[in-house]
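Notes for the one structure printed next.
Heavy-atom basis, side chains included; hydrogens, waters and symmetry copies ignored. Chain naming here is simple, since letters A, B, ... match the order of the sequence lines and numbering starts at 1 in each.
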Amino acid sequence: MKHFTKFESKSLADTLIEKALFYKANPRVDKALGEGKRIGCIFLNPSLRTRASTQIAAINLGMEPIVMNMDKEGWALEMNEGAIMNKGTVEHVKDAAAVLGSYFDILAIRAFPSLTNKNEDLADFTFNQFVKFSGVPVISLESAIRHPLQSLADMMTIQENWSKKEKPKVVLTWAPHIKAIPHAVANSFTEWTIGCGHDLTITHPAGYELDQSFTKGATIELDQKKALENADFVYVKNWSAFNDYGKIVSTDDSWMLTEKHFINANDAKVMHCLPVRRNVELSDEILDSKRSLVQEQAKNRIYAAQSVISHILS
Amino acid sequence: MKHFTKFESKSLADTLIEKALFYKANPRVDKALGEGKRIGCIFLNPSLRTRASTQIAAINLGMEPIVMNMDKEGWALEMNEGAIMNKGTVEHVKDAAAVLGSYFDILAIRAFPSLTNKNEDLADFTFNQFVKFSGVPVISLESAIRHPLQSLADMMTIQENWSKKEKPKVVLTWAPHIKAIPHAVANSFTEWTIGCGHDLTITHPAGYELDQSFTKGATIELDQKKALENADFVYVKNWSAFNDYGKIVSTDDSWMLTEKHFINANDAKVMHCLPVRRNVELSDEILDSKRSLVQEQAKNRIYAAQSVISHILS
Amino acid sequence: MKHFTKFESKSLADTLIEKALFYKANPRVDKALGEGKRIGCIFLNPSLRTRASTQIAAINLGMEPIVMNMDKEGWALEMNEGAIMNKGTVEHVKDAAAVLGSYFDILAIRAFPSLTNKNEDLADFTFNQFVKFSGVPVISLESAIRHPLQSLADMMTIQENWSKKEKPKVVLTWAPHIKAIPHAVANSFTEWTIGCGHDLTITHPAGYELDQSFTKGATIELDQKKALENADFVYVKNWSAFNDYGKIVSTDDSWMLTEKHFINANDAKVMHCLPVRRNVELSDEILDSKRSLVQEQAKNRIYAAQSVISHILS
């Protein structure tokens, strides 16, 4: 693994999960590993958990994190090769990424999708331009189509909350939202859950079908009630339409999970990557109950990042 | 003391002042105390002194400070419990504060008042929601109604500049301003000055009466000239009306202190928390004279913060 | 040298270049030098390279850097002494700089010109107000009229790429741009190149004459083709008019360097401070060729800053 951008193999995932759980128990044990090394955390979009947890992970490993809010503190970046830069963009990613690559041992980058240019988003264009031109290992802090550190933390959380021998039944359910939201978390969660060998059912209203290149191996069940039956883990997430790209094709409030949705899944745990719109995506009732694993997931973000950075440094 | 949000007792104030003065003389002496501990500095509003001094204080104690400009780098926060989040707010303080609490050993938070919703401001609603949901010690970096780190630095500064046996006469005088300014500094200075046993006179034009729950024990004198007679320390500050909440009810330029105001207080020192609008709140003449303690106050902010963090860690 | 704001002497320049090259080979060798010292990096304008490289330089020397985006995170500053602050500015530089000077051992400041008030810009007014009121050593991170850390990195880069006995022929050529750009980089490069004893030719369309107080000792040649003949190093940079201050008086695309401009300078290296507008200032063809030293220059920014900070600390 040079870069950390997606699920690669079950064995690598298992290694990273194991290491993350080890760091959770022993956060400072590898304080010497990153000594004299620097990680540049580049944000093209807002961030709370990712921003803080990545810095903490780096510090736990003895590294020096430097944060750059590229959108606010730096220069507007041109992404297209060959562009004649006589408009709003001030610096080409070709130059900026190369400079950052020469300044840091590892780069970590957040680059959301446009949700308007499907081809560019599917190619993970902005993120991959950084990978292409920086010349150093790059960690995704959420790209147009994936959020692998979130998924790694999610897999840790499932493992910590599952002790039975059989596979857990994991359900990914679409939830209502008032804005058009990227597919990154849904894609990555699907990719990692299937890759880690769990049993995955995806449920959503018609029109919200995800990219089939991610969902192969999952059961698709458009009836939410059926999908939730006997669920062990229910991952709640909104996403905009993929086919009618970036659109909100319906907002059916009945899809918001409340306690009554769990009538046939009494022991199910509920997960969400946060930020969550309370009482729109998920009810207070659920989020404030013992079903909710959202705080565990958020806490695990530190150790997921620490595991990945450590793996790259080793 | 779990949180540091206000004046609690004279004995605690004395302890904190003494420790702050000790750190001023020995800034790095407790470098080992905060090793491996993290403080999250959360800003919902702009900051210069508070931002820098809190980081320096933490570093002096060996802690790792991480700064979050929540208003610019993170997500718009919902403060109201039970809210249906189908409008502009993206994350509930219930979730964000809990995550931050799980990431940091101490949180330090700045949350200005609205000056439009008196009840919410008086309840210190935003700040207290962080206290309620974070689960870790919280330090106020200025809330809707108090600015206790400023007041602690102010008390240090008075103590350093007063060697006589009798109590100093301290005067808090309203000053003109072009904007509606919060009551936090005036409230806190009043609370701490009275609590520390100094003799406090408050003077302001009619209509600028402060919240009576803070001013009990102070002498109110609406004639500024009389109030300033024989003053030892004159604290200059604007605030908006409290009764006609958040309004500018008059701007009488004659309230701006100049040298001629000190005809009956020849040795008086002048204090201000900064930022100060020169030649509106206070004349250049005063600020650039040896009456002015404003730079000492600002410098003491480092050691006030260091004392408080140290006390919480111990 | 107390402050680092401009070229002072060839001997100092040689010392700083030598030390910078030494640090490039041994970045962490002086880790103990800055222990317990703090540098405040104050940005009134955007920055990528300068922001990152200055922090890295400080960390390499064991110092603690704290970054302040004054324009976004702090208060709007008043620069004029005696101002009656009843408008948009919230804090006077007199107070802010003094506070920052009391908080940090060194300040590093970026303050771009207005390009509208020529007298203020020529006096380097904003930058010099910080110098005047802070009371500590100040490093320029680009002021209205100079960018000395860039020039120091440029001189390093020329030295690393020149092994012949004779002086290199250095050419500074104006390049097209769509915006009115400051003179700081052009001025400083001129000042340092002449000061370091290189042979400098400056070329630009009529109307783009630089401030004569910088260009004394340089050959001015308005015919770009002639100027480039036998060049060893070609520094490409846009600037707005100096006489018709801050204006774009012409944009002749033929001034953009492409490979065909090098017909009589086959071995010439090309330099630019970045950010560069590709295919406006400089063609992709040149930037992506082995002529280009722009990445070396950017990398050298770390060691230039490290050399200067080290010199001030010693």
Tell me, for [X] versus chain C, whether the close heavy atoms (under 4.5 Å) come from the side chain, the backbone, both or neither.
| X | result |
| --- | --- |
| B:L48 | both |
| B:K31 | side chain |
| B:R28 | side chain |
| B:R49 | both |
| B:S283 | neither |

**Asked** Has the side chain of B:R110 got a donor or acceptor atom that lies under 3.5 Å from a matching backbone atom of B:S143?
**Response** no

**Request:** Check whether C:E73 gets within reach of chain B through its side chain, its backbone, both or neither, counting any heavy atom under 4.5 Å.
**Result:** both

**Complete:** Under 4.5 Å to a heavy atom of chain B? For C:A98 that would be both

**Prompt:** Got a salt bridge between B:R277 and C:E91, using NZ or NE/NH1/NH2 to carboxylate O under 4.0 Å?
**Reply:** no

**Asked** Does B:E296 come within less than 4.0 Å of B:K24, counting only side-chain N to carboxylate O?
**Response** no

**Item:** Separation of C:H147 NE2 from C:D154 CG (nearest 0.5 Å)
**Value:** 9.0 Å

**Message:** Are there over 12 heavy-atom neighbours, none belonging to C:E81, within less than 6.0 Å of that residue's CD?
**Reply:** yes

**Request:** Count the heavy atoms belonging to other residues, nucleotides or ligands that lie under 6.0 Å from CD of B:E285, then report whether that count exceeds 12.
**Result:** yes

